[in-house]
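Just below is one structure, and these are the notes that go with it.
Sequence lines set the chain letters: A, B, ... in the order given, protein chains first and strands last, and positions in each chain run from 1. Small disclaimer: the values here were computed from a predicted structure and weren't measured.
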Amino acid sequence: MIGKQKASIAWPGTPLPRAFFDRSAPDVAPQLLNKILAAADGRAGRIVEVEAYVGAVDPAAHTFRGKTPRNATMFGPPGHMYVYFTYGMHWCCNCVCGSVGVGSGVLIRALEPLQGLAQMRAARPRIANDRDLCRGPARLTQAMGISGAQDGIDLVNAREGFAIVDDGMAPPENLVGGPRIGLSVGKDFPWRWSVPGSRYVSGRLVSGAASRQR
DNA sequence: CGGGCGATACCCT
DNA sequence: GGGTATCGCCCGA
């Protein structure tokens, strides 16, 4: 149907409320670990890696130099999805955080695929290993069916096909942020978090981590 | 497993 | 016109 059908999100749990996102992105980001990114069509995955980006103070943020047509969603209300296009071929998705006008958000960098694996494989036909379906920000958007058409949708009311669901699994404890990936500036902000030991996290594994699965 | 590199289009200066 | 919040292929070890 057209854009706003009543979508029932497929993974059981409670969609995160608006207030969850109405804090600074580095506060929200680690709390998103172990939550579920779920689509109305059945695809779902557990969030295992995130990065925070903060308007005005963070030179790596798209919003660093103020509002433009591309980044407008980030300056809007929290709990919406900011989807951007990069490297001429890839889409990446964020949760907008903080108050209107701040311009910050959390980039979702990796998911553990949980449900709708057949649809994910169909969306990424060249991938032989399920481990690689959602291991990376542009890979997971492809697997989940997210593109520019989803820029600006509301994740809280879940009426536009996607939501972030709390299914009762707490975030990992004693998390420490590390440097973000793929930047030429802003490398000093320790605003990347991941689920320790998860084999679905992007980037190079530290030595020995490959055998330490969970 | 890890490094190197090309692809590719849009955005903002 | 330069840079990009990346990926996948190829290669050597």
Side-chain angles (χ1 to χ4, degrees), chain A residues 21 24-26 28-30 32-33 37 45 47-76 80-98 102-111 113 120-152 155 177-194 197-213:
Chain A
F21 300 99
S24 83
V28 174
L32 281 170
L33 293 177
L37 177 60
I47 298 171
V48 295
E49 184 183 1
V50 293
E51 284 178 357
Y53 290 85
V54 178
V57 303
D58 175 10
H62 291 164
T63 51
F64 183 57
R65 292 170 211 283
K67 193 171 179 176
T68 68
R70 178 209 205 190
N71 66 25
T73 296
M74 279 260 262
F75 286 97
H80 288 246
M81 186 152 74
Y82 165 55
V83 184
Y84 68 88
F85 185 67
T86 192
Y87 288 104
M89 59 195 100
H90 298 305
W91 298 100
C92 298
C93 85
N94 296 247
C95 307
V96 177
C97 292
V102 173
S104 71
V106 175
L107 171 69
I108 302 179
R109 286 198 56 92
L111 302 176
M120 292 185 188
R121 292 183 197 115
R124 291 173 51 69
R126 321 198 65 158
I127 303 306
N129 191 338
D130 286 351
R131 183 186 174 220
D132 294 329
L133 283 174
C134 301
R135 200 168 133 259
R139 292 166 171 173
L140 74 91
T141 57
Q142 207 181 343
M144 292 290 291
I146 295 169
S147 72
Q150 278 72 44
D151 182 37
L155 292 165
R180 295 171 293 180
I181 290 179
L183 307 183
S184 58
V185 290
K187 297 182 209 166
D188 296 334
F189 292 101
W191 286 345
R192 172 177 179 258
W193 293 267
S194 59
S198 171
R199 29 187 321 262
Y200 299 97
V201 169
S202 78
R204 300 275 177 262
L205 290 171
V206 224
S207 143
S211 52
R212 218 187 305 134
Q213 313 188 348

At under 4.0 Å between heavy atoms, what does A/I127 touch on the DNA or RNA strands: base, sugar-phosphate, or nothing?
sugar-phosphate
Should B/dC1 form a Watson-Crick or G-U wobble pair with both distances under 3.5 Å, which nucleotide is its partner?
C/dG12
Does OP1 or OP2 of C/dC9 have a side-chain N or O of A/R126 closer than 4.0 Å?
yes
Look at the side-chain N and O atoms of A/R139 and state whether any lies under 4.0 Å from the OP1 or OP2 oxygen of C/dG8.
yes
Nearest-0.5 Å distance that lies between atom CG in A/L183 and atom CZ in A/R192
11.0 Å
For A/I181 and C/dT4, what is the distance between atoms CD1 and C1' respectively, to the nearest whole Å?
16 Å
Contact under 4.0 Å: A/R124 side-chain N or O vs C/dG8 OP1/OP2:
yes
Does the side chain of A/T63 pick up a donor-acceptor pair with the side chain of A/N71 at under 3.5 Å?
no
Do side-chain atoms of A/R109 reach the backbone of A/V50 as a donor and acceptor pair under 3.5 angstrom?
no
Using whole Å, report how far CG of A/L140 lies from P of C/dT6.
12 Å
Is there a side-chain contact between A/L111 and A/M144 (heavy atoms, below 4.5 Å)?
yes
Mind checking A/L107 for me? I need base, sugar-phosphate or nothing, with any heavy atom below 4.0 Å counting as a touch.
base
By the 4.0 Å heavy-atom rule, please label A/A60 as base, sugar-phosphate, or nothing.
base
Just how far, in rounded Å, is P of C/dC7 from CG of A/N129?
15 Å
Can a donor-acceptor pair be found, under 3.5 Å and without considering hydrogens, that links the side chain of A/R139 to the backbone of A/R135?
yes
I'd like to know if the side chain of A/D58 and the backbone of A/A60 have a donor-acceptor N/O pair within less than 3.5 Å.
yes
Can you tell me the distance, in whole Å, between the CG atom of A/D132 and the P atom of C/dT6?
16 Å
Sugar-phosphate or base contact per nucleotide [nucleotides 7-13 of chain B; S, B, -; heavy atom under 4.0 Å]
BBBSSSS
Parallel, tilted or perpendicular, judged at 30° and 60°: which one describes the rings of A/F85 and A/W91?
tilted
Round to a whole Å and report the spacing from CZ of A/R135 to P of C/dG8.
10 Å
Is there a Watson-Crick or G-U wobble partner for B/dT8 with both distances under 3.5 Å, and if so, which one is it?
none
Counting any heavy atom closer than 4.0 Å, what does A/R192 reach on the DNA or RNA strands: base, sugar-phosphate only, or nothing?
nothing
